[in-house]
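Here the structure comes first, spelled out in structure tokens, and everything after it is commentary.
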Amino acid sequence: MSIKRYGVEGGIGTGGQKLPFARATEAGGWLFVSGQTPMTDGEVVEGSIVEQSRLAFANCLKIMEDAGYGVEHVVHVTAVLTDARYFSSFNKVFKEVFGEHPPARICSVQDLVVDCKVEVDVKCYRADKA
């Protein structure tokens with residue numbers, strides 16, 4: 001089984017630093033997308049938890065699309081919120097993104113390295129790529 005890495009040329013983090021990890025890796029039909037925050041061009045986009053959650057998911061979806069996966073291929077999401085009070089609003093965005101067929105998920109509250117409200121990662125599977 002081979003491993004394909006996406007975005008190893010260096011994503012851009014805060015302050016324009018090149019990030020030392022792949023944006024995603026693919027192996028055996030599985031795609032693992034690295035945690036995404038509400039960033040555009042290496043800068044956190046300010047906004048509410050709803051706005052930041054939408055952008056974090058949009059960043060995941062763009063990476064997935066580049067690798068040939070769609071939202072229907074998402075089997076698990078890890079979400080980190082910086083405040084438990086964001087949970088209900090985050091769930092609304094989660095429902096927008098995944099509709100009536102949500103993936104499995106874990107959601108925790110903890111500090112993030114980046115100064116934002118949310119970080120999400122996704123794990124996808126496509127049997128035809130296995």
Side-chain angles (χ1 to χ4, degrees):
M1 170 175 58
S2 66
I3 297 173
K4 184 172 183 179
R5 291 171 172 81
Y6 297 88
V8 294
E9 63 280 351
I12 298 173
T14 54
Q17 72 173 346
K18 285 199 171 210
L19 299 175
F21 51 85
R23 293 171 56 97
T25 57
E26 181 181 27
W30 289 92
L31 181 74
F32 300 88
V33 177
S34 293
Q36 297 297 304
T37 57
M39 287 186 144
T40 301
D41 298 324
E43 295 299 325
V44 173
V45 175
E46 294 298 322
S48 69
I49 184 62
V50 169
E51 294 163 322
Q52 287 200 356
S53 296
R54 284 179 179 146
L55 181 54
F57 275 120
N59 289 340
C60 284
L61 294 170
K62 173 66 173 121
I63 294 166
M64 291 164 45
E65 179 183 306
D66 290 347
Y69 291 75
V71 70
E72 69 276 14
H73 301 114
V74 177
V75 296
H76 188 268
V77 172
T78 301
V80 178
L81 307 175
T82 57
D83 192 317
R85 293 174 290 186
Y86 298 152
F87 189 72
S88 181
S89 296
F90 176 80
N91 278 341
K92 290 177 186 174
V93 175
F94 193 88
K95 177 93 169 162
E96 284 176 15
V97 174
F98 296 106
E100 295 301 315
H101 304 286
R105 178 183 99 183
I106 186 170
C107 186
S108 65
V109 175
Q110 54 191 302
D111 290 334
L112 291 170
V113 174
V114 177
D115 188 20
C116 61
K117 297 173 173 74
V118 61
E119 182 172 358
V120 294
D121 78 12
V122 298
K123 294 152 197 78
C124 306
Y125 181 72
R126 279 188 56 178
D128 62 319
K129 288 186 162 226

For Lys62, give me all partners under salt bridge (charged side-chain N to carboxylate O under 4.0 Å, His left out), at least two apart in sequence or on another chain.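 Asp66.
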Contacts of type salt bridge (charged side-chain N to carboxylate O under 4.0 Å, His left out), residue Asp41, not counting sequence neighbours: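 Applying salt bridge (charged side-chain N to carboxylate O under 4.0 Å, His left out) to Asp41 gives none.
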In the hydrophobic clustering that connects Ile, Leu, Val, Met, Phe, Trp and Tyr at side-chain heavy-atom distances below 4.5 Å, which members other than [X] occupy its cluster, ordered by chain and number?
| X | answer |
| --- | --- |
| Phe32 | Trp30, Val75, Tyr125 |
| Val114 | Met39, Val44 |
| Val80 | Leu112 |

Looking only at atom types and distance, does a side-chain atom of Gln52 sit under 3.5 Å from a main-chain N or O of Val45, one as donor and one as acceptor?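 Yes, because the side chain of Gln52 sits within donor-acceptor range (under 3.5 Å) of the backbone of Val45.
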Which pairs, with at least one residue in residues 46-61 and sequence neighbours excluded, count as a salt bridge (Lys or Arg N to Asp or Glu O under 4.0 Å)?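 The answer is Arg54-Glu96.
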Do any pairs count as a salt bridge (Lys or Arg N to Asp or Glu O under 4.0 Å) and have a residue in residues 97-114, sequence neighbours left out, and if so which ones?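 Every pair satisfying salt bridge (Lys or Arg N to Asp or Glu O under 4.0 Å) with a residue in residues 97-114: Lys95-Glu100.
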With sequence neighbours excluded, residues passing side-chain contact (heavy atoms from CB on, under 4.5 Å) with Ala79: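 With sequence neighbours excluded, Ala79 shows a side-chain contact (heavy atoms from CB on, under 4.5 Å) to Phe90, Cys107, Val120, given in chain and number order.
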Phe87 with Val50, same ILVMFWY side-chain cluster at under 4.5 Å: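 Yes, one cluster joins them.
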Joint cluster assignment, Val118 & Met64, ILVMFWY side-chain distance < 4.5 Å: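 Hydrophobic grouping puts Val118 with Met64.
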Holding to ring pair (Phe, Tyr, Trp, His ring centres under 6.0 Å), I want the full list of residues that pass it with Phe94, two or more places apart in sequence or in another chain.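 If we apply the ring pair (Phe, Tyr, Trp, His ring centres under 6.0 Å) test to Phe94, skipping adjacent residues, the hits are Phe98.
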Ring pair (Phe, Tyr, Trp, His ring centres under 6.0 Å) partners of Tyr86, counting only residues at least two apart: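 Testing Tyr86 for ring pair (Phe, Tyr, Trp, His ring centres under 6.0 Å), a comparison that skips the adjacent residues, returns none.
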Distance from [X] atom [atom1] to [Y] atom [atom2], nearest 0.5 Å?
| X | Y | atom1 | atom2 | answer |
| --- | --- | --- | --- | --- |
| Cys60 | Arg23 | SG | CZ | 9.5 Å |
| Ser89 | Lys117 | OG | NZ | 11.0 Å |
| Lys129 | Glu26 | NZ | CD | 4.0 Å |
| Asp128 | His73 | CG | NE2 | 6.5 Å |
| Asn59 | Ser34 | CG | OG | 12.0 Å |
| Ser88 | Ile49 | OG | CD1 | 11.0 Å |

For Asp115, side-chain hydrogen bond (donor to acceptor under 3.5 Å, both in side chains) partners two or more places apart: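 Per chain and number, Asp115 pairs via side-chain hydrogen bond (donor to acceptor under 3.5 Å, both in side chains) with no residue.
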Once side-chain hydrogen bond (donor to acceptor under 3.5 Å, both in side chains) is applied, do any residues pair with Asp121, and if so which ones, sequence neighbours excluded?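 If we apply the side-chain hydrogen bond (donor to acceptor under 3.5 Å, both in side chains) test to Asp121, skipping adjacent residues, the hits are Thr78, Lys123.
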Is any side-chain heavy atom of Val33 closer than 4.5 Å to a side-chain heavy atom of Tyr69?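 In short, these two side chains do not touch, never coming nearer than 4.5 Å.
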Kindly indicate whether the side chain of Gln36, heavy atoms from C-beta on, has any atom under 4.5 Å from the side chain of Leu55.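 A side-chain contact is absent here, since even the closest heavy-atom pair is not under 4.5 Å.
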